[in-house]
Amino acid sequence: MKTGLIVTGIFVLLYISYRTYRYVKLDTGLDVKIRNGAVILDVRTESEYNMGHIEGSINISLGTIRERYVELDTSKTYITCCSHGLRSVKVESILKDKGFKHVFNGGGWSELEDIVIKQKNRISDE
């Protein structure tokens, strides 16, 4: 019984830490960046991407970004996303190390998709 409570407590603490990390690392103003033409860079694996992704996004996985970053334009703005936001933080850092100036963490793709859809709806309402 005591061990179960300790394990549960550890998992709760890890989850709270993870959610806090995601909140702190998630960039703000993504809606404006999307409206201004930012490219959504989905860094999940190809199979994850094929199961669902943001329409118009491009897919370069974390595992291949060190070789494939040359396919990207350093003058463009990129918003990275993945399944939960951890890989996107890593790719953001890698691209900035490679000289990209306009790279932002978008977190999980499904949450970022909500922002993209809101932008499309806002534009169609205007």
Could you tell me the separation between the [atom1] atom of [X] and the [atom2] atom of [Y], rounded to the nearest 0.5 Å?
| X | Y | atom1 | atom2 | value |
| --- | --- | --- | --- | --- |
| N59 | T45 | CG | OG1 | 7.5 Å |
| C82 | W109 | SG | CH2 | 12.0 Å |
| R44 | I60 | CZ | CD1 | 14.0 Å |
| I79 | I34 | CD1 | CD1 | 4.5 Å |
| K96 | S93 | NZ | OG | 8.0 Å |
| H102 | L95 | NE2 | CG | 13.0 Å |

Pairwise side-chain contact, [X] with [Y], heavy-atom cut-off 4.5 Å (strictly under):
| X | Y | result |
| --- | --- | --- |
| I54 | D42 | no |
| L41 | L72 | yes |
| Y78 | D73 | yes |
| D31 | K118 | no |

Applying ring pair (Phe, Tyr, Trp, His ring centres under 6.0 Å) as the test, list every pair that has at least one member in residues 34-56; sequence neighbours left out.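 Non-adjacent pairs meeting ring pair (Phe, Tyr, Trp, His ring centres under 6.0 Å): Y49-H53.
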Show, in sequence, the C-alpha distance, side-chain angles and deciding distance for L62 and I94, and conclude whether the side-chain contact (heavy atoms from CB on, under 4.5 Å) test is met. CA-CA 9 Å; L62 169 60; I94 291 168; 3.9 Å; yes
Specify the closest pair of heavy atoms between [X] and [Y], including all atoms of both residues, with the distance to one decimal.
| X | Y | result |
| --- | --- | --- |
| E92 | F104 | OE2-CA, 3.9 Å |
| L112 | G106 | CB-O, 3.9 Å |
| L30 | N105 | CD1-O, 3.9 Å |

Neighbour count above 12 (heavy atom, 6.0 Å) for R68 CZ: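 Buried by this count: over 12 neighbours within 6.0 Å.
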Do other residues, nucleotides or ligands put more than 12 heavy atoms under 6.0 Å from the CD atom of E67?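 Yes, enclosed.
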